[in-house]
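Have a look at the structure below before the remarks.
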Amino acid sequence: MLVAPSLGYLVLSPMLIVFAGAVLGVLVEAFMGKTHRAAVQFTISVGVLLISLQQLWRIRDISSTTAAVDSVTIDKAGIFLQATVVLLALIAVFLIADQDNFVAQASAVPGSNEEAIALQQKNQQTEIFPLFLFAVAGMMLFPVATDLITLFVALEVFSLPLYLLAGLSRRKRLLSQEAALKYFLLGAYASAFFLFGAAFLYGYAGTISIRGISAAAGSANDVLLLIGIVFVSVGLLFKISAVPFHSWTPDVYQGAPTPITAFMAACTKVAAFGAILRIFYVGFAEAQTLWRPIITVIAILTMVVGSVVAIAQRDVKRMLAYSSIAHAGFLLSGVVALNKDGLAASLFYLVAYGLTTLAAFGIIGLVRDSTGEVTDLNRWIGLGKKSPLIGSIFAFLLLSFAGIPLTSGFIGKFAIFSAAYQSGNIAIVVAGVLSSAIAAFFYVRVIIMIFFTDPVNDSVSVIIPSVKSKISISIATVSSIVIGIAPSALLTAANNFANFIK
Amino acid sequence: MNLLTLVGALPLVGAALIYLIPTKDSELVKKFALLVTSLVAIAAIFLAVGFDKSITSLQYAQSYSWIPTFNINFALGIDGISLVLILLSTILVPIVILATWNESEGGRWSVKTFYVLILILETMMVGVFAASDLFLFYVFFEAMLIPVYFLIGGYGTGNRSAAAVKFLLYSLFGGLLMLASVIGLYVIAGNQIGATFDLTQLATLEIDNQTENFLFLGFFIAFAIKAPLWPFHTWLPDAAKSATPGTSVLLLGVLDKVGTYGMIRFCLALFPDASKTFTPLIITLSVISIIYGAFMAIGQKDIKGLIAFTSISHFGFITMGIFAMTSQGMSGANLYMVNHGFSTAALFLVAGWMMSRRNSSTISDFGGLQRVTPVMAWSFFIAGMSGLALPGLSSFVSEFLVLVGTYTRYPVAAIIGTLGIVLAALYILIPIQKTLHGPITEGNENMKDLNLREKISIAPVIAIIVVMGFYPKPVLDLINPTSAKVVVDAGYSDPIAEVNK
Amino acid sequence: MAIANYLYLSAILFTIGAIGVVVRRNSIVVFMCIELMLNAANLAFVTFARINSNLEGQVIAFFTMVVAACEVVVGLAIIVTIYRSRRTASVDDASLLKR
Amino acid sequence: MINFALDVGTTAAPESYLFYFLAPLSVLAALGMLLVKKAVHSALLLAWVMVSLAIFYIAQDALFLGIVQIVVYTGAVMMLFLFILMLVGVDTSDSLEENIPGLRPISIVAAIGFGGLLVTLIGRATFGRPVTGLAAANSEGNAFGIAEQLFTRYVFAFEVVSALLITAAIGAMVLGHSQKTRSSFAQRDLSIARFRKDNLKDAAGLPGAGVYALHNAVDVPALLPTGQAAPTSISKVLQARGDMIESATFQMKSDEEEEK
Amino acid sequence: MPTSENLLWLIALPLFSSAILLLAGKRANSWGHVMGTIVSASTFTIGLVEFFAMQSRPEESRAVTQKLFTWISVGSFNVDASLLLDQLSICFVLLITGVGTLIHVYSIAYMSHDLDRRRFFAYLNLFIASMLLLVLGDSYLNLYVGWEGVGLASYLLIGFWNQKPAYATAAKKAFVANRVGDVGLSLAIMIAFATFGDVSFAGMKENVDQASSTQLTAIGLMLLLAACGKSAQFPLQSWLGDAMAGPTPVSALIHAATMVTAGVYLITRSNFVFDEAPIAQLMVLIIGGITLLFGAIIGTAKDDIKKALAASTMSQIGYMILATGLGPIGYAFAIMHLLTHGFFKASMFLGAGSVMHGMKDEVNMRKYGGIGKFMPITAITFGFGYLAIIGVPPFAGFYSKDKIIETAFNEGGMKGLALGLATLLGAMITAFYMTRVVILTFFGNERWGHKDEPHESPALMLIPIALLSVGSIASGYILSRGEALVHWLEPVVNPLKEHHEELLPPIVVSLMTLGVVAIGVTVAILKYRGVQADHAPEKVSVLTKAARRDLYQDDFNEATLMRPGQVLVRNLLNIDYLVIDGLVRSVGKVSVTAGNQLRTLQNGYVRSYALLMVIGALALITTIWVVTA
């Protein structure tokens with residue numbers, strides 16, 4: 001006889017609320033008239049995320065390993081990561097809901113009559129909202145999943161909507177679709193690796209729960225564990241775009257609609273790093289001799305390659321993509337640190353980086369000419385003259401990426417490198433510092449273009465941001481500034497929440 | 001409110017207030033900036049008045065918790081060395097503002113922005129010298145780059161953005177190396193005595209040799225770039241050539257001092273053993289800087305480049321004095337920092353006036369100025385004489401102290417360094433001959449002499465240069481106890497002990 | 001015969017799938033190769049379930065099938081969209097985004 | 001030395017015959033997927049691999065999975081693939097020439113290295129625990145065992161998969177479904193429209209494709225009574241795709257041309 | 001030691017006067033020269049007051065000091081700004097202020113047509129102040145301030161007419177050459193501090209027995225280098241000829257009477273060092289000997305009257321330096337020659353200035369001739385100076401030079417012989433070239449080639465010349481009477497040292513000297529009597545050519561220092577750009593290139609991305625396996 005399992009609905013509620021919101025969104029798609037759909041969908045998304053956030057606040061002191069039998073562990077770090085995802089998503093949703101970002105009719109062939117008519121009718125694919133909420137839900141599940149299958153399912157739950165969303169850009173649709181295809185094919189490829197690795201971990205431990213894997217350490221020889229760790233890592237490293245599994249990042253970041261890029265860059269990183277941290281800290285901690293050296297190497301490679309290649313970029317979205325690769329390298333040093341400080345630092349870094357990234361992509365969304373967004377760096381020349389505020393904010397964000405003191409990026413870097421140093425990984429600190437120097441080069445170059453070069457004739461016009469974009473960008477920027485100058489609240493929080501139940 | 005905090009915060013408040021003035025009313029902006037910075041200078045002088053020379057511990061000390069997670073405190077406090085540098089910075093700023101009244105107008109941005117940047121920079125300068133928390137120092141050290149970067153890039157001349165970038169990247173590179181060392185130190189502190197950034201506590205750490213050497217290098221390279229020491233100097237001439245004269249004054253006169261200040265405050269205090277290990281190397285680099293900078297200065301065709309290279313030579317003296325590890329060398333180096341600040345300020349300001357009148361910075365474009373613009377020529381001449389350390393002017397005292405202090409420990413270095421004074425004569429007299437002497441070059445016939453504003457602004461600098469040449473005692477009294485303490489703390493004692501008289 | 005042979009088979013099929021993704025240009029074939037990889041993983045799961053004497057592996061394999069089905073739907077939808085826009089199913093033609 | 005002996009027990013002889021028969025075939029089929037030109041052949045070969053795997057599942061006490069493999073995978077998923085292949089053009093064939101320089105040799109080396117390494121590593125694995133088989137787990141039937149796991153231990157994942165299904169559905173709909181941008185024309189509307197045109201040439205309806213053609217095919221234009229070809233007779237879809245044969249070849253030749 | 005409050009005023013008065021003249025600008029044009037002269041005269045008065053006060057005190061308490069303030073005090077390095085007036089410095093004070101005042105007076109007339117006369121007086125006062133500081137400073141560091149101060153004043157005055165590039169260059173050359181000497185002084189002070197922990201004369205003298213002879217030799221050699229720079233001694237003598245670019249009063253005051261003799265002062269002041277450092281002392285002798293011949297030889301070939309006189313100065317200072325190398329007695333004779341030389345050389349320079357004044361600033365003696373009858377006073381006073389310098393009794397030079405030659409011979413042995421012969425030879429050449437100057441200028445045919453006849457200078461110029469002539473006639477006798485100066489200086493120059501035995505009776509030396517002088521004069525008269533051309537002959541001996549080119553000193557400097565220096569600078573500029581900055585730039589370039597190269601991996605093909613992932617996974621497994629196995 002089957003015994004009905006009991007689920008801890010309270011602690012699962014933040015996720016379930018988002019799932020419910022997504023389903024509600026689907027229903028709205030089915031039964032709601034076209035005219036108000038977008039507004040309703042937006043309201044649902046915001047509301048759901050807010051409720052979820054409030055729910056997370058309520059359960060902040062609760063922890064449970066049996067919330068969903070054995071599939072989910074709600075612990076301090078898990079709640080922090082979920083809250084981060086929700087918060088960033090909440091900011092991102094304002095960008096997503098802003099005008100003119102998504103395709104009018106995805107099924108219409110680009111350039112066709114049908115598309116023209118759809119555009120004329122000011123149609124918009126409002127399905128993006130439920131898809132977005134599904135992705136958020138998946139991202140919330142990903143860092144708290146404690147068995148490989150839930151992990152895999154969560155991975156797919158947030159990946160599939162992203163594949164789709166990447167292809168739904170309103171303009172430059174061929175590029176957008178290509179981004180979707182690339183993202184999808186490579187994502188599925190990486191999933192296959194992940195699954196294959198999961199199989200070997202299962203073979204090694206006889207169970208797929210990551211606690212079980214940790215407990216099984218030493219039960220058999222390491223070969224299966226080795227294969228398992230490597231292949232599971234490939235799947236996860238792909239998601240955080242670590243070198244050499246990073247190739248999709250620039251292409252997809254460039255092709256996807258900018259708000260989605262923002263969302264992807266910020267939230268996927270949080271979710272994926274959450275999962276990586278949990279797996280490596282909880283599941284593979286006993287096998288650290290196996291993976292720490294290579295993750296160290298990958299971290300260094302990622303920092304260096306990300307920084308170096310970014311120099312050669314001519315497109316601002318691609319440049320930020322490479323910057324995000326470099327940041328993944330920095331974040332990996334938090335993984336390698338394998339201590340509480342490393343975890344706390346990573347949590348802090350994720351929030352700081354997420355906010356900055358959202359704001360940066362938000363601004364990219366504002367820089368447009370008659371044909372849509374302008375991402376060619378050469379046409380950003382003189383932006384600071386044209387629109388000093390936008391230029392200054394962007395410059396500030398770049399400085400934050402570069403890790404100049406008094407920005408959140410600096411505190412993050414400091415925290416994460418001290419954790420890495422603490423754990424004895426001095427090489428990673430040195431490499432991090434040097435690649436930061438390289439990275440500074442291209443951030444500074446963009447600042448020059450914005451401020452120190454005279455605008456040419458066909459330069460861009462910055463649109464006056466709508467209220468939604470304003471809200472989103474200003475919240476992200478202001479919190480980024482605050483975190484930079486007075487980081488102690490967030491640091492304390494990160495420290496308090498830096499705890500995985502093993 | 002602590003007076004030190006006041007000195008540091010006042011410019012920032014001023015910057016905020018300036019922001020409220022309408023952009024168009026640029027004269028009001030300038031006047032207000034001048035007022036604020038003058039008040040700061042006065043406050044700084046009160047700081048010196050209230051300073052107790054007899055104790056070597058930090059004064060005006062205060063500490064507020066900033067980032068408790070890392071035990072980072074907003075801790076300020078000054079000793080003699082910091083005090084004189086704060087005085088230097090705060091006194092120079094109003095002078096620069098007055099002297100370069102119109103320099104902000106040709107910039108990429110508004111006059112208002114210029115002064116906001118200057119005021120922010122002043123806060124950073126005070127902060128960097130007053131910080132007694134390593135992390136806080138680092139924050140000021142790095143954040144200071146940003147206003148300078150915009151000042152060079154936004155208001156400079158020539159290839160300004162390239163120069164600004166070079167400056168920024170060099171400094172960032174050094175800063176990041178230092179960051180690695182800061183992190184290392186923090187972690188080691190965490191393992192030994194609990195996480196802290198307090199300088200006095202950090203100085204008590206026991207670090208194994210190899211680690212100490214690496215940490216030392218991280219700090220030292222950052223400071224050597226800032227200072228700038230050969231071969232980390234190539235950013236300076238470019239930056240100085242592109243920056244406006246006022247910015248150059250702040251850049252060479254004050255900002256670069258952060259490098260040498262850092263060597264004393266951090267390299268020596270935190271890593272005495274490593275300092276000992278690297279001293280021969282550093283002394284060598286200093287000597288190379290002295291000679292190399294001088295030769296390069298001789299070869300310059302651009303007046304700003306010339307001043308920049310003379311500074312490189314002078315910074316060689318300063319680092320040599322610091323690492324000679326004698327009280328004479330140390331005090332001399334400290335005094336040199338102040339003196340170099342003022343004499344470079346004089347040189348750059350006058351050169352700036354010359355250049356703006358002629359619209360050129362090429363030395364050969366000038367000639368016969370002594371007869372056309374005698375006051376300007378004399379100002380330049382005196383500044384130049386201070387640059388070549390003529391006895392009776394301020395630089396001489398410090399240069400000689402450095403040389404004497406060095407000789408007692410490293411005679412060869414001192415001897416080679418002394419040869420630098422011949423080269424100094426060349427690099428100062430050649431441009432003086434070309435600009436002030438000889439027939440009046442075409443285009444200079446109707447050049448205007450200094451106006452009242454310019455005279456008022458240069459007069460105090462020249463007065464300081466002359467007075468400090470004959471009577472450096474007040475400043476030396478501030479410096480001496482601290483430098484003696486630095487030498488002792490680094491584990492050295494003077495080779496020539498006190499003679500009983 | 002050793003049970004392990006199933007694992008070898010799984011590894012070989014996985015490798016073939018992985019390389020198929022690299023060498024084939026038709027996006028549908030590429031996608032099929034990914035399915036082959038998933039199947040290889042499933043075989044490993046089932047075999048390990050047998051070795052470990054529990055059914056977890058089989059459950060996972062079941063999940064994999066479901067997930068794969070969803071993935072196929074989404075993937076094919078994307079491929080069809082691209083095909084409609086470009087009239088080609090070759091992955092090489094989708095290479096505007098580069099450098 | 002590579003040690004291929006993995007200490008996880010052995011199978012009964014019939015199973016080994018089955019394995020030795022089917023495994024090489026499935027490997028060949030998988031390889032074939034990479035080598036055949038036509039996508040549809042690849043699909044069929046994959047189907048073959050999947051069926052083989054289903055048999056292996058059943059052989060390995062995973063009856064339920066074996067069935068699901070055939071029903072869901074081979075049945076549904078592969079059909080979906082084939083369907084799309086049809087849509088894309090069933091006989092479009094892949095050129096097997098490589099146009100990315102250096103890719104092929106590297107990938108072959110990588111493949112050999114990858115496979116070889118995996119096999120080597122698996123050969124070195126040890127378990128250190130007895131293999132008792134699934135008899136106990138399957139005591140109440142394989143399906144029951146799986147169901148028990150699915151609805152108790154993995155119930156959350158099971159529920160979450162629903163999100164995946166919804167996502168897939170939405171995705172397919174968004175990308176595939178044309179929202180009607182206007183109400184569709186009924187026959188009546190079309191007829192009215194025809195008569196409202198400037199001339200009544202098309203009033204009688206368009207000629208059916210291929211009616212008068214030498215070739216009886218949809219991609220050949222009809223010949224009008226005048227002997228001229230009528231390109232309008234071909235479906236717009238085919239026109240748009242360009243899958244249309246030049247109608248000139250089918251025109252009735254004029255007398256003068258005959259004589260020549 | 002008694003103190004005196006007056007010493008500060010000696011320096012402060014001219015210093016303030018100078019500052020006022022410079023700051024007041026054109027407003028002071030009308031009274032600037034008067035104030036300058038009055039100030040100079042008042043310093044002379046103070047000097048006299050001090051001198052008589054000193055004379056009235058007993059010998060052991062004649063020196064007075066005045067501590068002004070603590071100048072530099074760091075650790076054990078303590079230097080007070082304090083002044084010392086002793087028997088040695090009072091000689092200089094009187095010479096400087098006395099001759100200085102006369103030259104101020106002279107300049108009022110000489111510079112009357114110059115628009116910048118006020119500035120000239122400002123510089124002169126600055127010079128007086130610096131020079132007084134030089135001789136009054138009680139430590140080497142204080143001396144150093146005056147030392148460089150006179151260098152600065154000299155620089156300003158040589159370059160007074162700096163609108164002429166050549167003059168500006170001459171000024172720069174003088175400063176730089178002086179700076180080379182200053183290196184010596186700097187180093188001497190450093191070594192002194194490292195040795196004694198003190199840099200004051202008194203402190204060092206007290207502890208001189210504690211220092212090793214190596215240290216003392218080092219200090220001595222460095223001081224000698226300093227002296228060479230300031231006193232235009234070989235090998236740093238080349239600037240002096242060019243320094244004649246300055247107005248003639250400057251040449252008289254600075255480059256004849258006072259500043260260039262500072263080297264002699266320095267060595268005399270440092271007698272306690274040199275007496276214990278025989279090697280350094282020997283070097284002093286050698287340098288002095290070389291220079292006295294060097295200068296004399298150059299003097300024979302110069303057509304520029306001022307340059308001829310400058311060469312003569314060089315040579316005469318060579319005598320003095322040589323004398324200081326001769327030990328305790330030598331110091332006194334050096335100072336004596338210094339004082340007499342101050343008078344007669346100043347008078348001759350002023351005379352030359354007077355000639356130039358009458359000849360429209362013509363300096364080429366080949367364009368003179370027969371001026372004596374147009375400018376009789378100038379000619380007569382010049383004649384006194386001439387007689388003094390060639391050492392005709394009873395003129396001043398006879399007493400002082402003769403003593404030096406005598407003391408040189410008294411050194412004994414080969415050393416004494418060599419020195420004696422060198423000084424004798426010097427005397428002969430001196431007689432030759434001075435006779436040449438006098439004949440070419442005041443006698444013979446008139447060669448100036450224009451109708452304006454030379455005219456005598458105004459009284460304001462002639463009076464100082466006359467007064468100086470009196471000095472050149474009488475000073476020798478006064479100073480040597482009863483060895484007045486020698487006794488006066490004894491407390492300073494270490495009287496404990498006993499005299500050498502006299503190898504030759506003084507009368508023999510005097511006769512020998514007079515003999516060679518007669519030879520020199522005769523040769524010159526033979527050579528330059530009769531009609532002379534108004535341009536220098538082209539076909540001359542190699543020696544003459546060499547002498548005309550200052551014995552190739554400038555060429556040598558140019559070839560060994562300047563040219564290589566220029567090449568070095570040029571190369572350094574390139575190295576800095578290409579190598580040092582280039583390295584930095586190449587780091588940037590490498591990054592950019594690497595970025596571009598890696599960018600090509602991002603070729604847009606999904607399949608190659610996938611391949612990269614496969615390779616990545618393969619690498620991961622291999623690495624772990626290799627590392628852990």
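A note on names: the letters A, B, ... follow the listed sequences, proteins ahead of strands, and every chain is numbered from 1. Just so you know, these numbers use all the heavy atoms, side chains as well, and skip hydrogens, waters and symmetry mates.
- Between chain C and the options D:A157, D:A76, D:A147, D:P24, the largest number of non-hydrogen pairs under 4.5 Å is found for D:A157.
- Ionic pairing of D:E15 and C:R50 is present here: one or more N-O contacts between side-chain nitrogen and carboxylate oxygen are shorter than 4.0 angstrom.
- Under the 6.0 Å distance and 45° angle rule, C:R87 counts as a cation-pi partner of C:Y83.
- Of the atoms belonging to C:L36, heavy atoms from both backbone and side chain fall under 4.5 Å from chain D.
- The aromatic rings of D:F114 and C:F14 sit parallel, their planes meeting at an angle under 30°, below the 60° perpendicular limit.
- Heavy-atom pairs under 4.5 Å with chain C peak, among D:G115, D:A111, D:G171, at D:A111.
- Counting heavy-atom pairs closer than 4.5 Å to chain C, the top residue among D:F83, D:F19, D:Y154 is D:F19.
- Contacts of C:F63 with chain D are made by side-chain atoms alone, with heavy-atom separations under 4.5 Å and no backbone atom involved.
- Residue D:F81 touches chain C through both its backbone and its side chain, counting heavy-atom pairs closer than 4.5 Å.
- For the set D:I112, D:V174, D:N142, the entry with the most heavy-atom pairs within less than 4.5 Å of chain C is D:N142.
- C:I12 touches chain D through its side chain: at least one heavy atom from C-beta onward sits under 4.5 Å away, while N, CA, C and O do not.
- Of the listed residues (D:L150, D:T167, D:V49, D:V72), the greatest number of heavy-atom pairs within a distance under 4.5 Å of chain C belongs to D:L150.
- Taking chain C as the reference chain and counting heavy-atom pairs below 4.5 Å, the highest number among D:M78, D:R153, D:M50 is found for D:M50.
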